[in-house]
Amino acid sequence: MSLLVFSVPLLSAVVVMTAVFRSPLLALCRQLYSGTLRRSHRKVCVSSTHAYVFSNCTHGQAQSVLLTFDLYSTTHTSFNIGPQKGEFLDEIVKREAPRRVLELGTHCGYASVRILRLLPPSGKLLTVELDPLTADRGEEIILVAGFKHQQFQVLTCSSAEAISSLLSHTGNDLLDLVLMDHDPELYLQDLLALQRGNLLSTSCVVLINRALTPGARDLLEYVTARPQSFSVGRQLDGLMEIRCHTAA
């Protein structure tokens, strides 16, 4: 009888504690599993996109590379910004004529090619990609488009690592244009790191993709609360222009 009296409360406590700890654990497992699936899917998309573009474009012609990307994306899943956002990006690059550009998120090299073909002769692109396979595929497409290594550099590392070592790649040159197309959850911390490092030129333009997703909310709240330092410009389908007003 006494065993029954003590075992019931004990069982109830175990059930409660299990429920308390199981929910966050299950949520974490689902998050990790979902992230693994996304990364796996992205790698498959990168490989298939690369194979199609490499096999069907005219090597040495950047415009042919872009058109082949666009043709592929009409029938397949693609993580590229696409032609409409691409034209918006073109307008910014033509207007700003940046000498130093940082791209966070190389993907298959689509935006890299769009930027490189419009840079002034002294311009250089630093593009950052965390995944080694994706970085290799993106770099090969950039080379296929006809660009040389003195015009660009692919950094295979996290955005934080790239920003911390940026001066070793740019010397005293500051960034005139930054394209953020990696993880929106990292947008704000990377912008703050760029500011702390005094890496942004006066009137540097920061372009953020997927600006309407929840992950980008912290960055938008930060810049809109500081009108003396930033102004939010045009936005096209989640690709948003932010101009910095503070000198480095």
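Numbers for residues simply follow the sequence, beginning at 1.
A single hydrophobic cluster is not seen to contain both L71 and I141; linkage of ILVMFWY side chains at heavy-atom distances under 4.5 Å, directly or through other members, places them apart. Y187 and V232 end up in the same hydrophobic cluster when Ile, Leu, Val, Met, Phe, Trp and Tyr side chains are linked at under 4.5 Å. Under a hydrophobic-cluster definition in which Ile, Leu, Val, Met, Phe, Trp and Tyr are linked whenever side-chain heavy atoms come within less than 4.5 Å, directly or via other members, L186 and L212 are assigned to different clusters. At a threshold of 4.5 Å between side-chain heavy atoms, the hydrophobic network of Ile, Leu, Val, Met, Phe, Trp and Tyr places L207 and L104 in two separate groups. A continuous path of hydrophobic side-chain contacts links V53 to I81 [ILVMFWY only; heavy atoms under 4.5 Å].
Side chain of S64 to backbone of Q61: no donor-acceptor contact under 3.5 angstrom is found. A donor-acceptor pair is defined here as one N or O able to donate and one able to accept, closer than 3.5 Å; no such pair exists between the side chain of S78 and the backbone of S73. Side-chain atoms of R100 never come within 3.5 Å of backbone atoms of D173 as a donor-acceptor pair (strictly under, hydrogens ignored). When atom types are taken as modelled, the side chain of S165 and the backbone of S168 share no donor-acceptor pair closer than 3.5 angstrom. Listed for the Y222 side chain is no donor-acceptor partner under 3.5 Å among the backbone atoms of L188. Of the possible polar contacts, one joining the Q235 side chain to the D237 backbone as a donor-acceptor pair under 3.5 Å is found. E129 contributes a side-chain N or O that, together with a main-chain N or O of H107, makes up a donor-acceptor pair within less than 3.5 Å. Using modelled atom types, no side-chain atom of E241 and backbone atom of G233 make a donor-acceptor pair closer than 3.5 Å.
In this structure the side chain of L166 reaches within 4.5 angstrom of the side chain of L194, judged on heavy atoms. Considering only heavy atoms from C-beta on, L179 stays 4.5 Å or farther from V101 through its side chain. Side-chain contact between T134 and T106: absent, with no pair of heavy atoms (C-beta onward) separated by less than 4.5 Å. A heavy-atom distance below 4.5 Å is found between the side chains of P83 and Y110. Side-chain contact between L220 and I208 is present, with at least one heavy-atom pair separated by less than 4.5 Å. Between D218 and E185, every side-chain heavy-atom pair lies at or beyond the 4.5 Å cut-off. Contact of the D181 side chain with the E103 side chain is not registered, since no non-hydrogen atoms from C-beta on lie closer than 4.5 Å.
Counting all heavy atoms, side chain and backbone alike, L130 lies closest to S158 at CD1-N, 3.6 Å. When every heavy atom of R210 is checked against every heavy atom of T213, the shortest pair comes out as O-OG1, 2.7 Å. Here the closest non-hydrogen pair linking V144 and C57 is CG1-SG, 3.6 Å. The two residues P98 and V93 come nearest to each other via the heavy atoms CD-O, 3.5 Å. For C204 against L200, the heavy-atom pair with the smallest separation is SG-CD2, 3.8 Å. Residues A97 and P120 come closest through the heavy atom pair O-CG, 3.9 Å.
A centroid separation of 6.0 Å or more is found between the aromatic rings of F152 and F147.
Residue L199 holds its CG atom at 11.0 Å from CG of L191, rounded to the nearest 0.5 Å. Between T156 atom OG1 and E161 atom CD the span is 10.5 Å, to the nearest 0.5 Å. Note: M180 CE to M240 CE = 13.5 Å, rounded to the nearest 0.5 Å. With rounding to the nearest 0.5 Å, the separation of CG in N80 from CG in D70 is 8.0 Å. To the nearest 0.5 angstrom, L167 atom CG is 8.5 Å from L174 atom CG. Of the inter-residue distances, the one linking R114 atom CZ with E87 atom CD reads 6.5 Å to the nearest 0.5 angstrom.
Y72 and Y52 have tilted rings, their planes meeting at an angle from 30° to 60° on a 0 to 90° scale.
Of the N and O atoms on the side chains of S231 and H245, at least one donor lies less than 3.5 Å from an acceptor on the other residue.
Residue Q84 qualifies as open at atom CD: its count of foreign heavy atoms under 6.0 Å is 12 or below.
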inquiry  = Test side-chain contact (heavy atoms from CB on, under 4.5 Å) on R234 and I92; report intermediate values, then the result.
reply    = CA-CA 10 Å; R234 294 179 299 162; I92 303 297; 3.7 Å; yes
task = Walk me through it: do L89 and L118 pass the test side-chain contact (heavy atoms from CB on, under 4.5 Å)?
result = CA-CA 10 Å; L89 174 60; L118 297 174; over 6 Å; no
query = Checking side-chain contact (heavy atoms from CB on, under 4.5 Å) for the pair R117/Q63: CA distance, chi angles, key distance, verdict?
reply = CA-CA 9 Å; R117 80 194 207 288; Q63 196 60 31; 3.5 Å; yes
key: E139 vs T127, side-chain contact (heavy atoms from CB on, under 4.5 Å): CA-CA, chis, key distance, verdict   = CA-CA 9 Å; E139 182 172 17; T127 181; over 6 Å; no
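Residue R99 is tested with L177, L119, L175, D176 for a side-chain contact (heavy atoms from CB on, under 4.5 Å); the sole match is D176.
Between E96 and R243, at least one side-chain nitrogen of the basic residue sits less than 4.0 Å from a carboxylate oxygen of the acidic one, meeting the salt-bridge criterion.
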